[in-house]
Amino acid sequence: MSPYSISIRPFGVHAILVEWPQRVDEAILNDILLFIEHLQHKCLDTHNWEIVPSYNSITLIHREKPIDYNHYKQKIESWYKKGAKLKKRQRFLWRLPVCYDLEFGIDLQEVSEKLNKSIPEIIELHTNSQYTVYGIGFLPGFMYLGGLPSELEVPRRPEPRLKVQKGAVGLAGKQTGIYPQESPGGWNIIGNCTVTMFNPKNENPCFVNVGDRVQFYAIERAEYDLHKIESEVGIYQLQKSIIDA
Amino acid sequence: MLKLLKSGYYTSVQDQGRFGFRHKGVPVSGAMDGLALSKANALLENDEDCAVLEITMTGPTIEFEENTFIVLTGAKMSTTLNNQPILNYKVHEIAVGDILSYGRLEKGFRSYLAVKGGFTTPVVLKSRSFSKSLTRLTYLPDKSVLPFEPCSFFTPKIEEIKIDSYFEETVLELAQGPEYDILNDHQLEKIFGTGFTVSNENNRMAYQMTEPISGHAVSMLTSATLPGTVQLTPAGKLIILMKDGQTTGGYPRILQLTDKAISILAQKKYGDKVSFKLVKG
């Protein structure tokens with residue numbers, strides 16, 4: 001079972017890049033995740049190999065030693081051809097609370113004018129969709145989310161802000177996402193999420209995995225304050241459910 | 001323990017870096033000049049993952065509050081121990097109250113200070129390397145105190161090594177990157193021509209080159225990047241990612257520096273010249 005033709009190439013002396021056809025496609029992502037599962041359980045020693053998935057590629061990185069590229073190229077081809085007989089890893093839908101109060105949604109008014117939609121319409125569109133996590137990068141715990149309704153596509157701000165708040169929820173082009181920490185950024189900010197997306201104190205510092213889904217739900221200011229306190233003392237209960245897909 | 005009476009321009013704790021968290025967006029971090037790190041730990045017969053101090057451009061003044069042995073590697077910074085000049089790449093015995101001072105930057109840009117047994121600062125995600133948003137500090141302020149296990153007896157197998165002065169080299173060896181094929185003849189000529197100047201945009205995340213080459217209109221999906229990845233922006237800027245660099249990016253990855261070339265570049269500062277030489281990947 002090898003539905004796609006994959007390309008394999010060296011990426012420096014420690015890493016190998018494996019690429020699927022260049023498009024944003026959940027079927028490709030699923031194939032990638034199955035293959036990673038197979039690599040981690042049957043093929044590679046995960047103490048010495050890191051696997052970084054993103055959209056249509058995975059990068060395999062060896063801890064330190066230069067690797068024998070030709071050896072691994074052949075191996076990867078045959079591993080992929082044999083295909084994964086494993087069960088898929090359990091994937092989750094995470095429901096994340098967002099306060100779209102204008103205090104946080106500092107660009108909501110502007111976005112509303114640009115998209116010619118009322119603020120409640122924007123909130124409804126933003127919370128109605130499930131977004132797929134295609135990658136995690138840029139910042140620790142920053143999710144690349146796919147599946148934004150086309151009605152919410154709005155260009156990046158012409159000048160990036162020097163400081164965007166931790167938890168800020170933004171729109172930019174075909175993307176939406178959460179800033180996991182304070183950072184410079186050029187996205188249009190429409191709200192704030194109280195959930196800590198990245199905590200270096202946890203053994204698994206980011207609860208989300210590539211392939212999971214995210215859905216936002218709107219909360220009032222009072223609820224936001226409550227969640228914030230719950231998060232700080234560590235009793236906030238995340239809402240998650242298992243995806244079958 | 002030691003105390004930084006003055007901390008210097010940008011002094012941080014670094015080790016071999018953080019492995020195993022890149023799929024969550026966590027940069028590798030670790031010593032910018034991996035060669036200098038490994039030499040320092042080797043001379044002290046430390047484990048290779050022991051944490052050291054990375055000292056950038058202007059160094060600290062340090063008071064030792066415990067006996068130990070130290071090795072300095074990397075950049076030469078007119079270092080003195082109790083006002084006597086001391087050599088890099090040599091084991092020095094330290095007694096309580098000794099003062100280590102860094103002076104004028106002579107060669108290179110980043111210097112390393114290792115103590116016997118390594119610094120025992122907190123481990124975050126399996127590494128002691130400072131990293132923004134992960135560790136409490138990203139660099140050490142004045143009066144910082146760093147813990148280590150005292151050591152009064154140590155007979156090094158090798159007391160001193162002569163190193164080839166790699167940090168004076170200017171040729172960076174690199175292999176083709178994943179998107180090397182997007183480059184046209186004109187761009188290739190520029191890249192492997194007369195060379196580049198390190199811009200003032202240089203830090204632990206990335207080094208930008210001052211001279212642009214012609215740009216491109218290639219769009220690609222975000223994919224993994226590594227320390228040493230050379231990105232080409234649409235406007236034609238060359239950005240070389242370093243140890244704190246982001247784990248994914250959307251610019252074409254045209255070239256990939258060797259580990260040695262990363263060490264060489266880590267010793268370069270604003271205005272220094274470098275050139276690129278293609279080697280087999």
Side-chain angles (χ1 to χ4, degrees), chain A residues 7 9-17 19-24 28 36 46-64 66 69 134-144 166 175 180-183 197-210, chain B residues 16-28 30 34 38 48-49 122-127 131-136 173-181 218-230 245-250 253 255-262 279-281:
Chain A
S7 95
R9 59 178 98 198
F11 187 2
V13 294
H14 303 289
I16 298 171
L17 176 67
E19 287 177 305
W20 279 250
Q22 167 127 237
R23 57 177 191 264
V24 180
I28 287 177
I36 290 177
T46 49
H47 175 71
N48 284 314
W49 287 91
E50 270 187 284
I51 303 177
V52 184
S54 182
Y55 289 102
N56 70 324
S57 69
I58 60 175
T59 303
L60 310 175
I61 310 163
H62 194 267
R63 186 181 276 270
E64 52 196 17
Y69 169 71
Y134 280 94
I136 299 174
F138 167 56
L139 293 170
F142 182 90
M143 302 175 285
Y144 290 95
K166 179 185 171 189
Q175 291 184 289
Q181 66 188 58
E182 188 186 282
S183 137
M197 296 307 297
F198 188 87
N199 185 350
K201 292 193 183 103
N202 295 345
E203 201 179 317
N204 175 8
C206 172
F207 56 86
V208 173
N209 285 307
V210 172
Chain B
Q16 289 182 311
R18 230 161 238 114
F19 190 84
F21 300 97
R22 272 185 269 208
H23 63 297
K24 301 287 183 170
V26 180
V28 182
S38 61
E48 54 186 12
D49 60 356
V123 174
V124 178
L125 299 180
K126 299 183 184 169
S127 164
S131 176
K132 197 187 161 205
S133 86
L134 263 64
T135 50
R136 195 172 60 83
E173 292 192 330
L174 24 69
Q176 296 185 358
E179 283 77 46
Y180 181 83
D181 292 342
V218 176
S219 100
M220 56 173 269
L221 290 170
T222 291
S223 181
T225 53
L226 303 171
T229 299
V230 185
Q246 57 188 65
T247 53
T248 58
R253 302 154 291 184
L255 296 157
Q256 179 65 38
L257 267 63
T258 63
D259 290 348
K260 188 179 175 188
I262 295 173
V279 294
K280 274 197 100 178

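Below, chain A is the first sequence line, B the second, and so on; all start at residue 1.
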Q. If we ignore angles and hydrogens, is there a donor and acceptor under 3.5 Å between the side chains of Ser54(A) and Thr248(B)?
A. no
Applying a strict 4.5 Å limit to non-hydrogen atoms, the region of His47(A) in contact with chain B is backbone
Honestly, the part of Thr225(B) sitting under 4.5 Å from a heavy atom of chain A is backbone
When the 4.5 angstrom heavy-atom criterion is applied to Asn199(A) and chain B, the contacting part is neither
Scored by heavy-atom pairs under 4.5 Å with chain B, the best of Lys201(A), His14(A), Arg23(A) is His14(A)
When the 4.5 angstrom heavy-atom criterion is applied to Val208(A) and chain B, the contacting part is backbone
Applying a strict 4.5 Å limit to non-hydrogen atoms, the region of Leu139(A) in contact with chain B is backbone
Test item: Glu50(A) side-chain N/O and Phe21(B) main-chain N/O as donor-acceptor pair under 3.5 Å | yes
Applying a strict 4.5 Å limit to non-hydrogen atoms, the region of Tyr134(A) in contact with chain B is neither
Answer key: most heavy-atom pairs under 4.5 Å with chain A among Arg22(B), Gln256(B), Met220(B), Lys126(B) is Arg22(B)
When rounded to the nearest 0.5 Å, the distance separating CG of Leu17(A) from CZ of Arg253(B) is 5.0 Å
Taken to the nearest 0.5 Å, the spacing of Lys132(B) NZ from Glu182(A) CD works out to 7.0 Å
Quick check on Arg136(B): does its CZ atom have over 12 non-hydrogen neighbours (other residues, nucleotides or ligands) under 6.0 Å away?
no
Cut-off 4.5 Å, heavy atoms of chain B, and the answer for Gln181(A) is side chain
Interatomic distance, CZ@Phe207(A) vs NZ@Lys24(B), rounded to 0.5 Å, equals 9.5 Å
Shortest non-hydrogen pair, Glu203(A) vs Leu125(B), comes out as O-CD2, 4.4 Å
With side chain to side chain contact (heavy atoms under 4.5 Å, CB included) as the test, would you mind laying out the steps for Leu226(B) and Ile61(A) before giving the verdict? CA-CA 9 Å; Leu226(B) 303 171; Ile61(A) 310 163; 3.5 Å; yes
Bottom line for Tyr144(A): the part with an atom under 4.5 Å from chain B's heavy atoms is side chain
Most heavy-atom pairs under 4.5 Å with chain B, out of Thr46(A), Val52(A), Ile51(A), belong to Val52(A)
Assert top hit (heavy-atom pairs under 4.5 Å, partner chain B, pool Gly137(A), Ala15(A), Pro53(A)) equals Gly137(A)
ask   = Looking at side-chain heavy atoms only, is the closest gap between Phe198(A) and Leu134(B) below 4.5 Å?
value = yes
For Ser133(B) and Pro200(A) the tightest heavy-atom approach is O-CG, 3.9 Å
Ranking Tyr69(A), Trp49(A), Phe138(A) by heavy-atom pairs under 4.5 Å to chain B gives rank one to Phe138(A)
Is there a side-chain contact between Leu221(B) and Gln22(A), using heavy atoms and a 4.5 Å cut-off?
yes
Of the listed Val210(A), Asn202(A), Ile58(A), Asn209(A), the one with the largest count of heavy-atom pairs under 4.5 Å with chain B is Asn209(A)
Strictly distance-based, threshold 3.5 Å: is any side-chain N or O of Arg9(A) a donor or acceptor partner for the main-chain N or O of Pro178(B)?
yes
When every non-hydrogen atom of Asn48(A) is compared with those of Phe19(B), the smallest separation belongs to O-CZ, 3.4 Å
